[in-house]
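Source: prediction; values computed, not measured.
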2 protein chains.
Amino acid sequence: MTAPTRRERLRTATLAEIKAGARRLLVTGGIDAVSLRAIARDMGMTAPAIYRYFPSLEALVAALAADLFDELRLGLEAARDAAGGEPVDQLLAMCRAFRAWSVAHPAEFGLIFGAPTPGLATFVDDCVDPDHPGARLGAVFLAPMIDLWHRSPFPTPPVELIRERLGDRLEPLRLSHGDIPIEVTYTFLAGWTRLYGLIAAEVFQQLTWAVTEPEALFELELGALAGQLGGVDRPDGTAR
Amino acid sequence: MTAPTRRERLRTATLAEIKAGARRLLVTGGIDAVSLRAIARDMGMTAPAIYRYFPSLEALVAALAADLFDELRLGLEAARDAAGGEPVDQLLAMCRAFRAWSVAHPAEFGLIFGAPTPGLATFVDDCVDPDHPGARLGAVFLAPMIDLWHRSPFPTPPVELIRERLGDRLEPLRLSHGDIPIEVTYTFLAGWTRLYGLIAAEVFQQLTWAVTEPEALFELELGALAGQLGGVDRPDGTAR
DNA sequence: TCATTTGAGTGAACGCCGTTAACTATCGCA
DNA sequence: TGCGATAGTTAACGGCGTTCACTCAAATGA
């Protein structure tokens, strides 16, 4: 592990500046505003120079997406670590942190959780890879849920039903995370899609016709989720 | 209501052909492949001619989105009408039809349920309009749920809690659909975001790292939803 | 019937875009 | 000191949305 040469330092700095410019354009003008020429212009460069750093615009966007996944995951881990040792508290803190990041960064959320660009499909296609960003993010939620299950099992549908319906179809998850109690797997997937639906609906403005301040709905649903995980005994299902 | 003139007939035909071409490009190449020049090329025309029909590409895409909303809504209504008179059966049939359409038309789903294009925001911004496509679609689910509530109320969180958390924030929904029992409102919103999350996660390929055949998960969750609506008394929560 | 107005479509142009190719200058190292 | 690798340039190609001036056929009205 030798020290980086001067060239390497300059290179990584330029690389970071390119991605920063791409993100700035993404935030201010949407994904369509992210163009090599605009990035280069902002840097006082010309567009073809960027090809020394990325083989194509698509690859640049994929790299940006990977960075965003990491940023989000680190944020969730920080929220988890600040939530104390109770798995339910950790899960709730992570759900709230997930929503907060998403609402604060709608363009970034759209890039990594929205409709996959036909060209960006390569980024999502290697789903068997355990280092797939989605899998790494899922793991952050999965671990406390497994922890909780071992401390105090939460109610689920009958295991035979889950196994019959889902059993054969969990190969990707098994490949990336090993064997997990199938009740936990089901609860995780159900919770994940629910969380995803709440956040995506809000960020993608699919609730504007119905409700202002979707956070209120989010908190209500979080209470219901927490109730199902048995973490709270208040009769009204309120989250702590 | 006089008969359309020859000119009008030709105009509507050309208009439909433009939108059909746009949709074909959307399906085969994603939203980025929808270009005035490509549409015109397929029609044996030149791009500026399309400006006789739409003021901009963005307006064309917005019109296409409105058509897709209608197509989906009509499909859901057909599924409802084919499901018999039981509200729970109607709701389940509509949920399945929603998923089937979305999985069969991922590009179209992405257009109307994905991240709003900054330019397309005008399309979603007039959320107060009761004829907003989202509101019209929501109504299709809302009606059977109200019906069900009046026939046999389903369990919900305490009404005081819902009212406290959600009460003031339902103005948009009230404007488009009038007063609705707040328990129904909550159950509808919770169910809508859950359904949306399941379908969007599948269509946007956010589950590939975890599960093959997301339909199995969808059916499991549908069973849980039906169970919560009290429509099924089977102990395993299976949908009919 | 004939002149006129309207509407649909064309072609050229402008400024964006991604990408490639040929070229230049500088940095780091032997 | 010289040389190869590296980072940048300019020019060009084709594609894009959009505008403008123009043509030509169809509808309209006296």
Side-chain angles (χ1 to χ4, degrees), chain A residues 2-22 24-26 28-65 111 117-123, chain B residues 2-22 24-26 28-65 111 117-123:
Chain A
T2 155
T5 73
R6 170 181 163 76
R7 268 233 174 116
E8 284 168 346
R9 269 187 295 114
L10 283 178
R11 183 173 179 84
T12 55
T14 308
L15 211 123
E17 192 184 351
I18 293 174
K19 289 197 285 193
R24 198 177 332 113
L25 289 165
L26 171 70
T28 58
I31 187 67
D32 289 342
V34 180
S35 78
L36 294 182
R37 290 186 131 106
I39 297 170
R41 201 161 32 227
D42 289 354
M43 296 175 63
M45 282 187 8
T46 59
I50 299 186
Y51 284 85
R52 298 279 172 198
Y53 299 87
F54 296 97
S56 68
L57 172 64
E58 182 191 311
L60 197 171
V61 174
L64 178 57
L111 178 60
T117 307
L120 215 61
T122 55
F123 180 62
Chain B
T2 156
T5 74
R6 169 180 162 76
R7 269 238 175 112
E8 285 166 346
R9 270 186 296 118
L10 283 179
R11 185 175 178 82
T12 55
T14 307
L15 211 121
E17 193 184 348
I18 293 173
K19 289 196 286 193
R24 198 177 332 113
L25 288 165
L26 171 70
T28 59
I31 188 66
D32 289 342
V34 180
S35 78
L36 293 183
R37 292 186 130 108
I39 297 170
R41 201 160 33 226
D42 291 352
M43 296 174 66
M45 280 186 10
T46 59
I50 300 185
Y51 283 85
R52 298 279 171 196
Y53 299 87
F54 296 96
S56 68
L57 172 64
E58 181 191 311
L60 197 171
V61 173
L64 178 57
L111 179 60
T117 307
L120 213 61
T122 55
F123 180 64

Roughly how many Å is it from [atom1] in [X] to [atom2] in [N], rounded to a whole number?
X     : N      : atom1 : atom2 : value
B:L15 : C:dG7  : CG    : C1'   : 14 Å
B:D32 : D:dG15 : CG    : C1'   : 13 Å
B:E8  : C:dT6  : CD    : P     : 16 Å
B:R52 : D:dC22 : CZ    : P     : 15 Å
A:E17 : D:dA7  : CD    : P     : 14 Å
A:L60 : C:dT19 : CG    : P     : 10 Å
A:R9  : C:dG28 : CZ    : P     : 9 Å
A:R11 : C:dC27 : CZ    : P     : 17 Å

Discussion item. Over all strands shown, is B:Y53 touching base, sugar-phosphate only, or nothing at heavy-atom distances under 4.0 angstrom?
Written reply: sugar-phosphate
Below 4.0 angstrom from OP1 or OP2 of [N], is there any side-chain N or O of [X]?
X     : N      : result
A:Y51 : C:dT20 : no
A:T46 : D:dG8  : no
B:R37 : C:dT10 : no

Taking all heavy atoms of [X] and all of [Y], pick out the closest pair and write down the distance.
X     : Y     : answer
B:I18 : B:I39 : O-CG2, 3.9 Å
A:A63 : A:F54 : CB-CE2, 3.7 Å
B:I50 : B:L36 : CD1-O, 3.6 Å
A:A33 : A:A38 : O-CB, 4.4 Å

Worksheet entry | Which residue lies more 5' along DNA chain C, comparing A:A47 with B:A47 via nearest heavy atoms | B:A47
Worksheet item: Nearest to the side chain of B:A49, which nucleotide is it out of C:dT10, C:dT19, D:dG8?
Response: C:dT10
Worksheet item: Side chain of B:A38: nearest nucleotide among D:dC16, C:dC17, D:dG8?
Response: D:dC16
Item to complete: Calculate, to the nearest 0.5 Å, the distance between atoms CG and CD belonging to B:L10 and B:E17 respectively.
Response: 11.0 Å
Worksheet item: Taking for each residue the nucleotide of DNA chain D bearing the nearest heavy atom, is the 5' side occupied by B:R41 or by A:P48?
Response: A:P48
